[in-house]
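Input: a single structure, listed below in structure tokens.
Atom set for the values below is all heavy atoms of this structure, side chains included, hydrogens, waters and symmetry mates excluded.
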Amino acid sequence: MSRVVGSRAVHLWSLHEDVVVEEDATGQGLVLRSRFGTERISRPDPLVREALRRMELGPVLLANVVPRASAAAEDATESAAAEDATDDATDDVTEGAYLVLLPVLDRLSHLIVRTLSWEDLRGPLLSVVSTSRDAPFAPVTLSARRLIRLIGDVSLTLEKAGFALARGTSPHRVQLHRPEAVWVVGLLAWPATPSDASSVLPLPPEVTQAVLSYLAAAGMTEDCGEPVPHG
């Protein structure tokens, strides 16, 4: 099986299928209704409104929601100095937009589905879905040289849409949409380092490590320490 190269992991955001986003009675705020109850956002920034509107429709890349720099900055390409100014303006706008958007999404984490996809256009690899109101989620950076494995009480269930991972004490469940995600999970029946997993699987290393990162953040793996040298 040949290794696929030149692809990267893509991180997508969406709202749970049962979440409904509505205007409040004043027309100035938003109301989000779900199985977890009701969330209210008073006077949301237009960026927040647009992000939630798109996320209600399906998984989105946040970078596609964040506004770009002004047309004047984008058109400043006549010289190297102008190009540098354009890059700086774009960076400033992007950073400011994320500072507005991410705190709101963090507060709504129990309503959000985090999906890991792959730039090969064959669909998402996995999704992390909250099962509790207290379900913060943030992908973690794993040490390439420390052993990890699935925790003993993790269950793997076959569903119509693929396999699902769950654990009694975890506020998340992981839906595996493609065989490639199952490959990674299969390696974790035994302790393995992210470095070894990346070298064994025919996937771009970034993709393998992103899958491991999501599994760890969802509470499905445990750290097993460093490998014991042989000989």
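A salt bridge links Arg107 with Glu39: the closest approach of a Lys/Arg side-chain nitrogen to an acidic carboxylate oxygen falls below 4.0 angstrom. The pair Glu222-Arg149 meets the salt-bridge criterion, with a side-chain N (NZ, NE, NH1 or NH2) lying under 4.0 Å from an Asp/Glu carboxylate O. Under a 4.0 Å N-O distance rule, the pair Glu206/Arg8 does not qualify as a salt bridge.
Of all non-hydrogen atoms in Leu165 and Leu156, the two that sit nearest each other are CD2-CD1, 3.5 Å. The heavy-atom pair separating Ser213 from Leu142 by the smallest distance is N-CD1, 4.0 Å. The minimum heavy-atom distance linking Arg145 with Ser195 is given by the pair NH1-OG, 3.5 Å. Considering all non-hydrogen atoms of both residues, Ser130 and Ala135 come closest at CB-CB, 3.5 Å. Smallest separation of non-hydrogen atoms from Val174 and Ala218: CG2-CB, 3.7 Å.
For the pair Arg114 and Trp13, the cation sits on the ring face: its NZ or CZ lies under 6.0 Å from the ring centre, inside 45° of the axis.
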As a quick check of understanding, evaluate side-chain hydrogen bond (donor to acceptor under 3.5 Å, both in side chains) for Thr26 and Asp24, giving each step before the final call. CA-CA 5 Å; Thr26 69; Asp24 67 8; 2.7 Å; yes
Check step by step if ring pair (Phe, Tyr, Trp, His ring centres under 6.0 Å) holds for His172 and Tyr214. CA-CA 11 Å; His172 302 100; Tyr214 273 58; over 10 Å; no
Going through the checks in order, is the side-chain contact (heavy atoms from CB on, under 4.5 Å) test met by Arg49 and Leu30? CA-CA 8 Å; Arg49 284 181 176 272; Leu30 293 177; 3.4 Å; yes
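Rounding to the nearest 0.5 Å places CZ of Arg33 at 6.0 Å from CZ of Arg40.
Other residues, nucleotides and ligands place more than 12 heavy atoms under 6.0 Å from the CD atom of Glu159.
Looking only at side-chain heavy atoms (C-beta outward), Leu32 and Val20 stay at 4.5 Å or farther from each other. Looking at Arg133 and Arg35, their side chains never come closer than 4.5 Å, going by heavy atoms from C-beta outward. Residues Leu111 and Phe36 have side chains in contact (heavy-atom distance under 4.5 Å, counting atoms from C-beta outward).
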